[in-house]
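Just so it is clear: chains get the letters A, B, ... in the order the sequence lines come, proteins before strands, and each one is counted from 1. None of these values were measured; they are calculated from a predicted model.
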2 protein chains.
Amino acid sequence: MKDTREVTIYDIARQLHISPATVSRGLNNHPAVSKKTRQKILEVAQALGYRSNTFASNLRRQHTNTLGVIVPKLNSHFVSSVLAGIEKVANEAGYNLIISQSLESAQKEVANANTMFKSRVDGLIVSLAFDTQDLSHFNPFFKKGIPVIFFDRVEQSLPSSTHIIIDNEKAGYQATEHLIQQGCRHILHITGNLTRNVYADRLKGYQEALKAYGLPFHETDVIVSMLDEKSAWETGRQIANMHPLPDGLFVANDTFAAICMQALKEKGIRVPDDIAIVGFNDDLVSRVVEPPLTTVHYPGQEMGELVARHLINHLQGTVPLTHTHTIIIHSELIVRQSSLRNPQR
Amino acid sequence: MKDTREVTIYDIARQLHISPATVSRGLNNHPAVSKKTRQKILEVAQALGYRSNTFASNLRRQHTNTLGVIVPKLNSHFVSSVLAGIEKVANEAGYNLIISQSLESAQKEVANANTMFKSRVDGLIVSLAFDTQDLSHFNPFFKKGIPVIFFDRVEQSLPSSTHIIIDNEKAGYQATEHLIQQGCRHILHITGNLTRNVYADRLKGYQEALKAYGLPFHETDVIVSMLDEKSAWETGRQIANMHPLPDGLFVANDTFAAICMQALKEKGIRVPDDIAIVGFNDDLVSRVVEPPLTTVHYPGQEMGELVARHLINHLQGTVPLTHTHTIIIHSELIVRQSSLRNPQR
């Protein structure tokens, strides 16, 4: 038989032949209760399996020590790195995480935000879905003064929230410039939904670099994709059949780039000699493919730690969020063999 | 100015000039309140930003619609696939997830379990840390009748809990047998902490296969590793320097296998001709390395969905957990080029 009834201070009081009020004071270290009695109360509480009524006390204190996290999808190397960073800092600070995924759907993101609001999270951490445009589902949080921090996929038009991002435009510029400097003259850019800052900004960087080096920009050179594994194989095979072949690819994530590379190689196309490739994120996959992939180092774990620390500092009253609207963390182009066309130069 | 004060039924009552009791009945669809009045109450409640006091009502109902999940680390392809599956099912059934990571430390796992217990999760899902041996940190759950489901990394000696696993021994046997059939005669096995069922069982399968084919087992052929990226590069380079070289590797995860393969290739060792390699998990990385990696398909997302569905069915009273102690889900050897030494035969 399981004892599913909750142990209360009355049970402890009965066993010790003292008043429930004394038990309550003892559990809260009230000085009116002698050290010896407090010790006894704790022993009996532990023996009976008493747990303080966190709910009731949260209800009084109006906070839950819980942070909500909404990500586009859990099953992503970048997202799981960020989550690992958030969890580490939150756990150390005594916060629980409630985590949900929008599965790249604005509609599901709305439902997730509602659930988080009803669960009374103390703060919310969000990376937006592909197609989220209207952000009114976060209004209940803003109205209540519950802090919301956006990372990576953000909407900077939003005035009263904090964004933690990398400089995607600069990263896109550097990646494209590197391909141009390796002799590429016809560079495709493969990216995600351009509604999102991360993809829009990388595209901007790509365009700026072409312009700076006097290369024409063709809209048909930009391939917008769902960035899933299936699309990657299809896109790779599609590129292999192009006449003439492009000579450079700048791809918005490493997984997609690695699969494209594999698909191209299967068709006998040499990387980097025929097509040079640059990915994005510095995922593990970029280091184990052949040739190793040039990429933009994007520190997910560090970003997660920063996001959580920032939010918790705010909740603990040490740093007001309103002073910092956007935090840009460092990213860096890492050059490997997949793009080095003229190593001898 | 943010309005941080919580909106109550009294605010709604005041605005509508009706009693708080009527508001409360109206919000609960009590038939004593006319449809028209109910409608008005809902409109004002929405306009003021009222949220029903989930906490207070959870306190009464003694459940929280929250599931706790403790995993060894969030930053893993397999774990993030499982989490994606758990979240999908939980979210659809109206459950929140509280997620934490033990970072492969039994000590942190104990702290995580305590936090989950205090947060009054309705059920707990656990994959054990490398070095967890004593399981008494789950006793408070068992004592209270809170269901605990273990997946992947389990401790089957535990009588009163459910385990969802694959047949690791069989998978280990098949992987090793395949290498033997490809002509390998000196096969190393690289694995994680042998306290854990997943690694112990795969080793058993490896030993069984050697025995079945009359090959000797040497303890020195088993390399136990933390299975992190750094160890993988080191182990790969160490194997490259062995005299004589082994001719087969059976590695407990794909990431580790992919890095080993890369490290061997950098030393001029040919895969599969000099050393044939089999990994484990069927991670994306196994499909993009050169040559593609033979591996054991291990359906993370499906496992996560099954775990969550099983736990929620139990919580909703449709399936008692006690009837099913261990569920074994299907896994399968997927043969690719990294181990095909005699494709012409």
Shortest non-hydrogen separation from A:Asn91 to B:Ser100 and the atoms involved: ND2-CB, 4.0 Å
With sequence neighbours excluded, residues passing side-chain contact (heavy atoms from CB on, under 4.5 Å) with A:Ala111: none
Closest contact, heavy atoms only, A:Ser80 versus B:Ser80: CB-CB, 4.1 Å
Chain A interface, residue from B:Arg287, B:Lys88, B:Met261 that has the most non-hydrogen pairs under 4.5 Å: B:Arg287
Pairwise side-chain contact, B:Leu74 with A:Ile86, heavy-atom cut-off 4.5 Å (strictly under): no
Under 4.5 Å from any heavy atom of chain A - which part of B:Asn112: side chain
CG on A:Leu83 to CG on B:Leu83, rounded to 0.5 Å: 8.5 Å
Segment of A:Asn139 engaging chain B (4.5 angstrom heavy-atom cut-off): neither
Heavy-atom check, side chain of B:Gln262 versus side chain of A:Pro292, under 4.5 Å: yes
Chain A contacts, top residue of B:Ser76, B:Gly94, B:Ser81 (heavy-atom pairs, under 4.5 Å): B:Ser81
Side-chain touch B:His77/A:Asn75, heavy atoms, less than 4.5 angstrom: yes
For the student: nearest non-hydrogen atoms of A:Glu87 and B:Ile99, plus distance: CG-O, 3.9 Å
CG on B:Asn65 to NZ on A:Lys118, rounded to 0.5 Å: 11.0 Å
Residue A:Glu229 versus chain B: region with a heavy atom under 4.5 Å: side chain
Close approach to chain B in residues 102-110 of chain A, criterion heavy atom under 4.5 Å: A:Lys108
Heavy-atom side-chain proximity of B:Thr255 to A:Leu284 below 4.5 angstrom: yes
Minimum side-chain heavy-atom gap B:Asn96-A:Thr115 below 4.5 Å: yes
Donor-acceptor under 3.5 Å (B:Glu290 side chain, A:Val289 main chain): no
